[in-house]
Structures are given as C-alpha cells and as structure tokens.
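Predicted, not measured: the structure shown is a model, and the values here were computed from it. All chains are named by letter (A, B, ...) in the order of the sequence lines, taking the proteins before the strands, and each is independently numbered beginning at 1. No hydrogens, no waters, no symmetry mates; every other heavy atom, side chains included, goes into these values.
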There are 2 protein chains.
Amino acid sequence: MVKELDEKAEALPDHVGWRLWQASRAWQAQFAAAMRATGHSWFSEARAGLLGHIPRGGTRQAALIERAATTKQAVQQLLDGLEAEGVLERLPDPRDGRGKLVRYTRKGLDALRDGDRIKLQIELGYIGRIGEQRFAALMDALRALDAARGDVPETAAAAQDETSESN
Amino acid sequence: MVKELDEKAEALPDHVGWRLWQASRAWQAQFAAAMRATGHSWFSEARAGLLGHIPRGGTRQAALIERAATTKQAVQQLLDGLEAEGVLERLPDPRDGRGKLVRYTRKGLDALRDGDRIKLQIELGYIGRIGEQRFAALMDALRALDAARGDVPETAAAAQDETSESN
DNA sequence: TGAATATCGTCAAGTATCTTGACTATATGG
DNA sequence: CCATATAGTCAAGATACTTGACGATATTCA
C-alpha cells in the first residue's frame with residue numbers, strides 16, 4: 001500500500017454525469033458479483049439491462065426493442081444468449097405470425113427472485129451508508145429526472161436528432 | 001406514434017440500481033452526442049471513462065491503472081486508440097525508465113474545454129427539470145455514497161474478494 | 001383480389017471494448 | 001550480481017454492439 005504522493009493527487013471530476021456513472025458502475029458491479037456468487041453464472045450487466053425491460057409476464061420481442069434503447073439486432077443477440085442459457089424462451093405469437101413472445105423459464109424466474117433479494121440487500125447497505133433521508137432524496141431526484149425526460153427544449157448543443165426509423 | 005396498449009404496460013423496475021443506470025446512460029448519451037456534434041467524432045463513452053481519470057496536467061500510465069477500475073491492458077488499448085486519434089501522447093518518464101507519462105495534446109485540451117461547456121449546459125437542463133433543491137440533494141447523496149465506499153461490512157451475499165494483484 | 005409497403009425477426013460481417021496469458025525491460029533490495 | 005517486483009507491450013479470444021441485407025407475414029389501398 002505504498003502510495004507516492006509526489007503528484008498532488010489531482011481531483012477527479014465532480015459533476016452529475018461522473019457521479020451518476022460511478023454510482024451506476026458500483027451498483028452494477030456489486031449486483032452482478034452477488035448474482036454470480038448465487039449461482040447465476042450467466043449473469044452479465046448487458047443482459048441485466050435487457051432483462052430489466054422484460055416484465056415477469058413476458059412480452060413481445062418487438063415491444064422489447066421499443067423499450068430498450070438499442071437496435072433489434074442487439075436485442076436479438078442478447079436474447080439468443082439468454083435463450084441458449086435457458087433463462088428465457090421464445091414462442092411464436094399466436095396473434096401475429098411474424099412476431100415472437102419472450103418469456104422467462106423456471107430458471108429465469110428463479111434468477112429474478114434472487115435478484116430481488118440481492119437488490120434489497122444492496123439498498124439496505126446504501127441506506128446504512130448515507131441514511132434514510134438522503135437515500136429517499138436520491139430516489140426522489142432520480143425519479144423526477146426520469147419523469148421530466150423530454151421536457152425543457154434542449155439547450156442548443158445537445159442536438160439529439162432521433163428521426164430515422166430504419167434498420 | 002401509434003402505440004398499442006393491449007398489453008397493459010407493466011411497470012419498469014424502480015430501484016436505485018435501475019434508476020442510477022438509466023440516469024447514467026441518459027447523461028452519457030446526451031454528452032457523447034453533443035461532443036460528437038461539436039466535432040469530436042472520436043469521442044466514445046468508454047474513452048470518456050478513461051479521460052475522466054486523466055488530470056489536465058497528465059499522469060503516469062501506471063497511476064491511471066490504479067484509478068480506473070480495469071486492467072492495464074484495457075487501459076493501454078484505450079490509450080492506444082486515443083493516441084492514434086491525436087488526443088493524447090505518451091512520453092517516457094524521465095524518473096523511471098520503465099514508465100510512460102500520458103498527457104493531452106492540443107486537440108485533447110480543446111476537447112476538454114468543449115466538454116466542460118457541454119457538461120454545464122446539461123447540468124442547467126437538469127436543474128431546469130427537477131429544480132435546484134432536488135439537484136443539490138442528488139449531488140449530495142451521490143457524493144455521500146461515494147465517500148462512504150468501503151464502510152459498512154458488506155451484507156453477506158455481496159462477496160467482492162479483490163485480493164489478487166497479478167496480471 | 002392483388003400489388004405496394006411496412007413490420008417482425010433473422011443471418012452475417014465488422015468494430016469496439018474488455019479479459020486472459022505470456023513476454024521484455026527496468027527497478028529495487030539484498 | 002541475483003531474485004523479485006513493477007511498467008509496459010503483444011497477441012488471442014470473448015462479449016457487446018453496429019450495419020447491411022434478407023425472408024416471411026401483415027396491412028393498405030387501388
């Protein structure tokens with residue numbers, strides 16, 4: 001643990017984006033580690049991101065693509081992997097000959113259950129670290145931020161023209 | 001904009017991890033889009049994550065590896081890319097024949113400057129969306145969370161044995 | 001009905017990021 | 001000098017994501 005301090009440890013960034021990123025990474029690392037330690041070795045952060053968009057009752061693959069903010073190919077490849085792992089299964093959609101329904105297998109539902117438990121444990125740890133009030137304020141701010149998406153007409157430079165609907 | 005609601009839009013997750021992840025992704029997408037729109041086409045989120053650990057005065061490559069939470073190979077590959085783009089340059093460390101110093105080029109410093117500007121604009125947008133108070137509470141909670149890293153002896157399942165120092 | 005068009009999913013190739021393992025060169029401590 | 005640790009590199013493979021093209025089914029509308 002010999003740390004040279006000849007270079008006066010210049011400060012790391014301290015703005016919302018950086019803080020959010022660091023906090024998000026920390027949470028995910030902790031969660032993923034716990035999931036793997038619980039036996040779900042197939043678990044990865046990318047897969048978690050997709051699973052978060054799949055309700056327990058299952059969904060249409062096309063609906064998933066809308067929810068997750070990626071391409072249908074990315075979604076499909078993640079689904080391929082999760083299906084190969086036996087976490088999900090795809091069935092033909094009886095109401096649309098083109099579509100597929102995605103739903104959890106028993107294994108997948110077990111993982112969700114364990115995930116919920118781990119999630120609560122991590123939350124408790126957070127509350128222990130910063131107190132209930134701060135934690136509540138954090139959740140409140142994050143929810144408010146999410147709810148206000150799309151409001152406030154982009155302050156110039158943030159040109160995010162999402163127009164094309166191809167691919 | 002035809003949205004079918006035959007499947008009663010099951011709720012998305014609503015816990016810290018998910019919220020942090022979503023907020024972080026949104027911030028990064030907005031920032032990266034603005035950076036690219038400003039002419040820094042080499043900008044990517046992975047690279048941003050590394051650059052955040054490089055102070056304006058430059059640093060030793062080895063010090064970078066400690067700061068960023070990845071392997072030296074990952075750091076090196078990112079540095080290779082950034083050096084090839086002309087954003088950074090690597091010089092031999094006069095104080096250690098093995099070491100290299102990493103520092104910004106003119107192009108890199110220009111990008112930092114633009115990044116700071118964009119960052120402030122996004123922050124203003126956030127404050128507009130959720131109000132000064134909530135924003136301050138958000139920053140406060142995130143800072144507190146970061147400061148309390150390592151406290152609270154891991155609630156069991158979160159086994160993160162970081163011991164080996166190889167590779 | 002039947003042709004034009006859109007939507008859903010797939011296949012395939014390429015890029016970016018990250019991981020693992022092995023290796024060279026320099027430093028440090030006897 | 002020798003043993004060991006540290007700094008950086010080279011190379012191969014895995015994972016995630018992007019882009020482009022395609023076949024099958026649905027929908028629209030003349």
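At D:dT9, one or more side-chain N or O atoms of B:Arg90 fall inside 4.0 Å of OP1 or OP2 (strictly under the cut-off).
Counting non-hydrogen atoms under 4.0 angstrom, B:Ala62 reaches the backbone sugars and phosphates but no base. If you check every strand for non-hydrogen atoms under 4.0 Å, A:Gln61 touches sugar and phosphate atoms only.
With respect to B:Arg90 and B:Asp80, a salt bridge is recorded, a charged nitrogen being found less than 4.0 Å from a carboxylate O. Salt bridge status for B:Asp116 with B:Arg113: absent, with no side-chain N to carboxylate O gap under 4.0 Å.
Under the side-chain contact (heavy atoms from CB on, under 4.5 Å) criterion, B:Ala62 pairs with B:Arg60, not counting sequence neighbours.
Between D:dT18, D:dA26, C:dG9, one nucleotide has an atom nearer to the side chain of A:Asp96 than all others, and that is D:dA26. Nearest nucleotide to the side chain of A:Arg98, out of D:dC10, D:dT25, D:dA7: D:dT25. Proximity note for B:Thr70 (side chain, C-beta onward) versus C:dT19, D:dT18, D:dT25: the nearest is C:dT19. Residue A:Gln73 places its side chain closer to C:dA12 than to any other of C:dA12, C:dT19, C:dC8.
Atom-to-atom, CG of A:Asp93 to P of C:dT10 comes out at 13 Å; the value is rounded to the nearest Å. Going from atom CZ of A:Arg95 over to atom C1' of C:dT7 covers 16 Å, rounded to whole Å. For B:Asp80 and C:dT15, the CG to C1' distance is 16 Å, given to the nearest whole Å. Between the CZ atom of B:Arg60 and the C1' atom of D:dG8 there is a distance of 12 Å, rounded to whole Å. If you take CD of B:Gln76 and C1' of C:dA16, they are 16 Å apart, rounded to a whole angstrom. Taking atom CD of B:Gln28 as the reference point, atom P of C:dA16 lies 18 Å away to the nearest angstrom. Rounded to whole Å, atom C1' of C:dT24 lies 12 Å from atom NZ of B:Lys100. Put simply, CD1 on A:Ile65 is 13 Å from P on D:dT18, counting in whole angstrom units.
In this pair, B:His53 and A:Trp21 present their aromatic rings tilted. The plane angle is within the 30 to 60° band.
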Polar atom pairs (N or O), protein with nucleotides 13-16 of chain D, under 3.5 Å:
{"from": "D:dA16", "atom 1": "OP1", "to": "A:Ser44", "atom 2": "OG", "distance (Å)": "2.7"}

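The backbone N or O of B:Asp146 lies less than 3.5 Å from a partner atom in the side chain of B:Arg149, making a donor-acceptor pair.
If one axis is set at each end of the helix from C:dT1-D:dA30 to C:dG30-D:dC1 from five pairs, those axes are 20° apart, to 10°.
The CD atom of B:Gln77 sits 12.0 Å away from atom CG of B:Leu82, with the distance rounded to the nearest 0.5 Å.
Looking at heavy atoms from C-beta onward, B:Tyr126 lies in side-chain contact with B:Trp27 at the 4.5 angstrom threshold.
Environment of CD in A:Glu45: crowded, with over 12 heavy atoms of neighbouring residues, nucleotides or ligands closer than 6.0 Å.
Under the side-chain contact (heavy atoms from CB on, under 4.5 Å) rule, A:Thr38 has a single partner from A:His40, A:Arg36, A:Met35, which is A:His40.
The heavy-atom pair separating B:Ser24 from A:Ser24 by the smallest distance is CB-CB, 3.8 Å.
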